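The structure appears right after this line, and notes come after that.
Fair warning: this is a prediction, and the values are worked out from it, not measured in the lab. Numbering starts at 1 and runs along the sequence shown. As the structure lists them, so they are numbered: ligands from 1, and atoms in each ligand from 1.
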Amino acid sequence: MLYRRFEKGNMDVSLLGLGCMRFPMDGRGNVDEAKAIEMIRTSIDEGVNYIDTAYTYHGGLSERIIAKALKDGYREKTLVADKLPTWLLKTEEDVRRIFFEQKERLDIDVIDMYLVHSVTKESWDLAKKCRVLEILEELRQEGYIKYIGFSFHDEYSLFEEVIDSWDWDFCQIQLNYVDVEFQAGVKGLKYAASKNIPVVIMEPLKGGRITDRVPPAIQEIWKGAKTKRSPAHWAFLWVAQFPEILTILSGMSDMRQLYENLEMFSHKEIENVSGEDLEVIERAGDLYRSLIKHQCTGCKYCLPCPKGVAIPNIIRYLNDWYAFDNNPRLKGEYNTWLDPEEQAANCVSCGQCEKACPQHLPIMEIMHEADGIFGR
Ligand code: SF4
Ligand code: SF4
């Protein structure tokens, strides 16, 4: 296993981290607990020492399964990262209540890495209103948290604002060769590093979209490369080139993926992408981006919709649907991550959003299209 230095922790962290939001399933829609525990323990046995979960992963089961996996001496061998679901906060009291619920689920004395989960403009405002950072600092003083960070899902300008507003120990951003300039992007990675803030990477495979169903034109690019690699290998090769990264989270859902990843992350080659390989990867990234159908910039001028429809998020799911070869996983994600009232079915075609959209997108038509594809 390759490692990166975590200076604040005075320790080395495995370059491959285990994301626990996509545990193996049993075929009947339930998490296969035995397999999930085997996966966690095998990862640790093979040198992974960063385990990442959140309050909402598998409806809280992720934390409970980690608790079981970390018995018998495994706890001492790994950092555990968990996240505060800021969007569920109503009052200050909720911060401590949710934190201690998580700590109890994990059955550990200290949560090593604790993140403000999914910072967006709305959740950041809510976090400030509920004094989240001050309360997390108190919890640290009381010995329940070691390092405080945040994970990010909004525009770059907010990323800088958040980075500059607190003495963070680390942060977590989405990064892959398709989303180079999306949200924090490479620019955000460099900005955090300029402030000595280590960066944890999520979605290096874009939630499996760039590995599950690879469009024929992308397959041709990989076939034409001098060195033959799997789509996952190309994706990790691109991400691992950045020395600013502390660890790269991968949400593996079977042992085959785990062993493939362990193999990749045990060779120095993964950190040394050649100029020629970089050119191949960038061509694939350009092609994926050209498959984007609706040119939504995510500016959110169309919000708020009077019916609460999450317009930019819906357009993103729809764009992914076309770019990633109608991946059925997207239907599940749409219905899991968007509340029923945020979904396209609630659009009443009032037209308010279209007047505000600087890209002049036919949003009403797009909502109808999205509902036809993703609606239940
Ligand atoms: S047209 Fe639909 S999505 Fe747009 S503001 Fe009206 S209800 Fe919301
Ligand atoms: S205003 Fe238009 S471009 Fe901006 S987020 Fe809404 S749909 Fe996308």
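Of all atoms in ligand 2, numbered sequentially from 1 with element shown, those under 4.0 Å from a heavy atom of Ile315 are 7 (S). Of all the atoms in ligand 1, the ones that sit under 4.0 Å from a non-hydrogen atom of Gly351 are 1 (S), 6 (Fe). Residue-ligand proximity, Met364 to ligand 1, at heavy-atom distances under 4.0 Å covers atoms 1 (S).
Side-chain contact annotation: Glu341 with Asn346, donor-acceptor N/O pair under 3.5 Å absent. With 3.5 Å as the limit, one finds a donor-acceptor pair spanning the side chains of Glu63 and Gln102. Asn10 and Arg5 share a donor-acceptor pair across their side chains, judged by distance under 3.5 Å alone.
For atom 8 (Fe) of ligand 1, the neighbouring protein N/O/S atoms at less than 2.8 Å, given as residue and atom, are Cys305 SG.
Ion pairing between Arg96 and Glu142 holds under the 4.0 Å rule for side-chain N and carboxylate O. The pair Arg41-Asp45 does not meet the salt-bridge criterion, since no charged nitrogen lies less than 4.0 angstrom from a carboxylate oxygen. Here Asp169 pairs with Arg140 in a salt bridge; the nearest charged N to carboxylate O distance falls below 4.0 Å.
Within the structure, the ring-ring contact (aromatic ring centres under 6.0 Å, His included) test picks out the following pairs touching residues 47-79 (sequence neighbours left out): Phe23-His58.
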